[in-house]
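This is the structure I have questions about; it appears just below.
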Protein chains: 2
Amino acid sequence: MGSVTGRATLADVARLAEVSTKTVSRALSGAPNVDPATRTRVQRAAHTLRFRPNALARELRSGGVTTTVGFVIGDLTNPFYGLVAAGVERALSRQGLTLMLAATEDDAAAEARVVVAMLERRIRALLLVPIADDHGYLEGERQFGTPIVAVDRPLSNATSDSVVFDNRTGAHDGVVALLAAGHRRIAFVGSSESLYTHRERLAGYRDALAAAGLHEDPALLRTDGPDIASAERATEDLLRMADPPTAVFAGNNRAAVGVLRARRAAGADLGLLGFDDFELAETLGLSVVAHEPEQMGAMAAELALRRMADPMGVVEQLVLPTRVVLRGSERSMR
Amino acid sequence: MGSVTGRATLADVARLAEVSTKTVSRALSGAPNVDPATRTRVQRAAHTLRFRPNALARELRSGGVTTTVGFVIGDLTNPFYGLVAAGVERALSRQGLTLMLAATEDDAAAEARVVVAMLERRIRALLLVPIADDHGYLEGERQFGTPIVAVDRPLSNATSDSVVFDNRTGAHDGVVALLAAGHRRIAFVGSSESLYTHRERLAGYRDALAAAGLHEDPALLRTDGPDIASAERATEDLLRMADPPTAVFAGNNRAAVGVLRARRAAGADLGLLGFDDFELAETLGLSVVAHEPEQMGAMAAELALRRMADPMGVVEQLVLPTRVVLRGSERSMR
DNA sequence: ATGAAAGCGCTAACAG
DNA sequence: CTGTTAGCGCTTTCAT
């Protein structure tokens with residue numbers, strides 16, 4: 001076992017290899033002008049001492065330029081964000097950058113806290129699924145050269161590079177598919193309009209109904225279903241109505257799961273189409289508005305890299321496409 | 001917009017507030033002996049300059065003790081790990097610690113790379129879902145006082161604190177449930193025995209068959225189904241057999257999804273019970289060996305905290321329980 | 001309650 | 001090819 005001893009430093013390695021610290025630095029970082037024999041000796045010494053260079057010191061000395069990129073996310077338990085994070089991670093690691101990930105559980109105070117912690121750690125760039133109402137506090141950071149990329153939702157009261165899906169068009173197309181399948185009373189189950197994505201998706205839902213000449217029934221609007229459990233309850237309510245909907249458009253994958261649970265429990269005949277594809281949607285015969293979460297993550301990382309290279313370049317706001325995938329009765333009735 | 005300027009330092013704040021740097025340090029870090037008026041003046045100056053303390057410098061000066069904990073994970077796209085990560089994150093943030101997360105895509109070389117990168121960043125503790133064959137290189141690190149906790153699988157060729165599920169018992173109980181439902185030809189679909197969890201689960205599967213006096217049919221052992229697509233293909237093969245299995249025990253949630261897909265595509269009558277519970281298992285009427293992934297993450301973080309407080313304490317190897325949850329035909333036939 | 005000096009571990013800038 | 005000096009931004013002595 002051995003006792004806990006301090007870590008070896010460059011100076012320790014220098015002493016053992018009988019060279020200067022600068023030579024050790026050069027030898028280990030692969031600098032060109034080092035005698036091969038010296039390099040070998042240094043490497044051997046470093047290995048003997050189990051030397052691990054201190055990245056804090058290195059990055060401090062070299063102007064606080066780290067190789068860490070921060071990604072602030074709402075909810076790790078939602079598989080959607082896992083896919084986005086995987087896309088980010090893959091794009092970053094290809095560039096030798098490390099991902100620092102923090103979850104906010106969609107709490108604005110937590111967001112501010114972790115963002116500040118990351119900035120103090122001098123992250124190279126900040127990717128953020130925004131939740132707070134006001135991101136003015138981030139404006140200053142970009143001035144200091146920290147690229148900021150909004151992911152899945154734009155910042156509030158602030159401009160930045162961003163990647164979002166074409167939520168409104170996607171929702172519109174999804175509802176059109178339900179209409180084409182013969183549905184006329186179509187409910188919306190999802191989050192409140194305070195959440196950007198659901199505000200957009202709700203607008204798309206309304207676009208589609210209006211274009212079909214249908215007037216909207218407020219009783220079919222359940223924006224109180226932000227998570228699985230609440231969406232399930234909202235759907236139960238809908239099914240108990242005197243004049244229940246024949247189909248539901250689910251605002252995201254959480255809502256869709258909730259609707260599926262309620263539908264199964266009630267044994268009800270209820271059409272369903274959800275925003276967000278997921279692993280078992282096909283197995284369940286569930287039609288969805290599909291998109292590429294991993295691509296979104298990768299694009300966000302790309303934007304950050306581009307902004308690192310060109311801090312003053314023009315702001316880029318990417319809108320990724322969606323597509324309707326029909327799998328259930330919505331398909332057969334076309 | 002303004003141009004990119006350097007960040008303000010403690011010295012800049014000191015100059016503006018007309019005090020020494022040490023006073024600024026004290027005032028901002030909430031040290032006791034500071035005149036309230038001075039503190040206010042300093043805070044105002046810091047705010048004016050948008051001062052963000054440099055955590056690199058602080059942590060370097062205070063002995064390289066960071067507030068970051070590293071978590072190295074195989075696959076972010078598997079919702080199971082998202083849940084584990086959420087458990088880790090929650091437990092850490094309660095202690096004011098930040099999570100640094102890296103994915104290895106279950107590649108041993110990538111694991112070594114990111115582990116080293118984290119150690120160089122002087123993470124306070126390392127949580128790791130191990131993939132490499134030999135973790136001898138980590139032994140030295142613990143000597144230097146970096147707690148290491150293995151998550152979901154133990155380290156290879158090395159001892160450490162760890163949290164795993166009771167895979168063998170869980171699998172045994174799951175197969176017993178299939179036997180109780182009347183199945184006699186039960187296939188195993190999952191990863192190869194080189195993966196600890198599946199080796200254990202396969203052992204549990206065998207235990208159950210042996211206890212029932214059944215002899216094992218090698219043709220029913222499909223350890224070539226580590227991911228959804230391969231598990232789906234393996235199941236297709238099984239269904240094409242002259243004497244196909246009547247049920248499958250799926251080694252993890254990836255395998256279960258693959259089996260579900262193949263079963264649906266073939267319209268086959270095939271019993272199924274999977275290791276790992278997941279969101280839609282209930283909706284699908286799927287019986288599972290359930291456990292608490294978030295708890296696993298939280299326990300791993302706890303172990304790390306405990307080891308930080310007591311580096312030389314006795315190694316703790318936690319084994320978390322599993323439970324069989326019957327939902328489909330396995331239930332009705334009891 | 002405040003300040004001056006020193007130094008964490010490393011690398012940039014200049015020698016030699 | 002190698003070494004010396006200085007200093008990144010902060011906190012830890014130790015004074016006052």
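Just so we're on the same page: letters track the sequence lines, and every chain starts at 1. For clarity, every value in this text was computed on a predicted model and none was experimentally measured.
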Review point. Just how far, in rounded Å, is C1' of C:dC10 from CD of B:E120?
Key: 12 Å
Exercise for review: Give a yes or no on whether the backbone of A:P36 and the side-chain of A:T40 come within a donor-acceptor separation of less than 3.5 Å.
Suggested key: yes
Check your understanding: Ignoring hydrogens and geometry, is there a side-chain-to-backbone donor-acceptor pair from A:R124 to A:V69 under 3.5 Å?
Key -> no
Distance-only criterion, 3.5 Å: show the donor-acceptor pairs between side-chain atoms of residues 299-320 of chain A and protein atoms not counting sequence neighbours.
{"from": "A:R306", "atom 1": "NH1", "to": "A:E316", "atom 2": "OE1", "distance (Å)": "2.8"}
{"from": "A:R306", "atom 1": "NH1", "to": "A:E316", "atom 2": "OE2", "distance (Å)": "2.8"}
{"from": "A:R307", "atom 1": "NE", "to": "A:D161", "atom 2": "OD2", "distance (Å)": "2.8"}
{"from": "A:R307", "atom 1": "NH1", "to": "A:D310", "atom 2": "O", "distance (Å)": "3.0"}
{"from": "A:R307", "atom 1": "NH2", "to": "A:D161", "atom 2": "OD1", "distance (Å)": "2.8"}
{"from": "A:R307", "atom 1": "NH2", "to": "A:D161", "atom 2": "OD2", "distance (Å)": "3.3"}
{"from": "A:R307", "atom 1": "NH2", "to": "A:V314", "atom 2": "O", "distance (Å)": "2.8"}
{"from": "A:D310", "atom 1": "OD1", "to": "A:G313", "atom 2": "N", "distance (Å)": "3.2"}

Review point. Hey, are B:E105 and A:R90 close enough for a salt bridge, meaning a charged N less than 4.0 Å from a carboxylate O?
Key: yes
Revision key, fill the gap. Of B:V19 and A:L56, the one whose closest nucleotide on DNA chain C sits nearer the 5' end is B:V19
Practice item. Give the rounded distance in Å between these two atoms: CZ of A:R52 and C1' of C:dC10. Key: 17 Å
Check your understanding: Between B:N33 and C:dA1, does any side-chain N or O lie under 4.0 Å from OP1 or OP2?
Key -> yes
Exercise for review: Please determine if a side-chain N or O atom of B:T23 lies less than 4.0 Å away from the OP1 or OP2 oxygen of C:dT2.
Suggested key: no
Check your understanding: Any donor and acceptor pair, going by atom type alone, linking the side chain of B:R142 with main-chain N or O of B:T159 inside 3.5 Å?
Key -> yes
Check your understanding: Okay, side chain of A:T66, backbone of A:R122: is any donor-acceptor separation there less than 3.5 Å?
Key -> yes
Revision key, fill the gap. Residues in residues 34-49 of chain B with a heavy atom under 4.0 Å of DNA chain D, by number, are none
**Study point:** Close side-chain approach of A:R7 to A:N54, heavy-atom, < 4.5 Å
**Key:** no
Exercise for review: Note the angle between the end axes of the helix from C:dA1-D:dT16 to C:dG16-D:dC1, five pairs defining each, rounded to 10 degrees.
Suggested key: 30°
Review point. Can you find a side-chain donor-acceptor pair between B:H135 and B:E141 that sits under 3.5 Å?
Key: no
Review point. Rounded to the nearest 0.5 Å, what separation is found between the CG atom of B:N157 and the CG atom of B:D134?
Key: 4.5 Å
Review point. How close or far is atom P of C:dG7 from atom CG of B:L60, stated in whole angstroms?
Key: 14 Å
Exercise for review: Go through DNA chain D in 5' to 3' direction and return only the first and the last nucleotide with some atom under 4.0 Å of chain A's heavy atoms.
Suggested key: D:dC1 to D:dG9
For nucleotides 12-14 of chain C, give me every protein contact, N/O to N/O, under 3.5 Å, one pair per line with atom names.
{"from": "C:dA12", "atom 1": "N7", "to": "A:K22", "atom 2": "NZ", "distance (Å)": "3.4"}

Practice item. For residues B:I131 and B:V72, determine if any side-chain heavy atom of one lies less than 4.5 Å from a side-chain heavy atom of the other. Key: no
Review point. Taking C-beta and beyond as the side chain, do B:T98 and A:V114 meet within less than 4.5 Å on heavy atoms?
Key: no
Review point. Residues two or more places apart in sequence or in another chain: which of them pass side-chain hydrogen bond (donor to acceptor under 3.5 Å, both in side chains) with A:T77?
Key: A:D75
Exercise for review: Answer yes or no: is there a side-chain heavy-atom contact under 4.5 Å between A:Y137 and A:V115?
Suggested key: yes
Review point. To the nearest Å, how far apart are B:R58 CZ and C:dC10 P?
Key: 20 Å
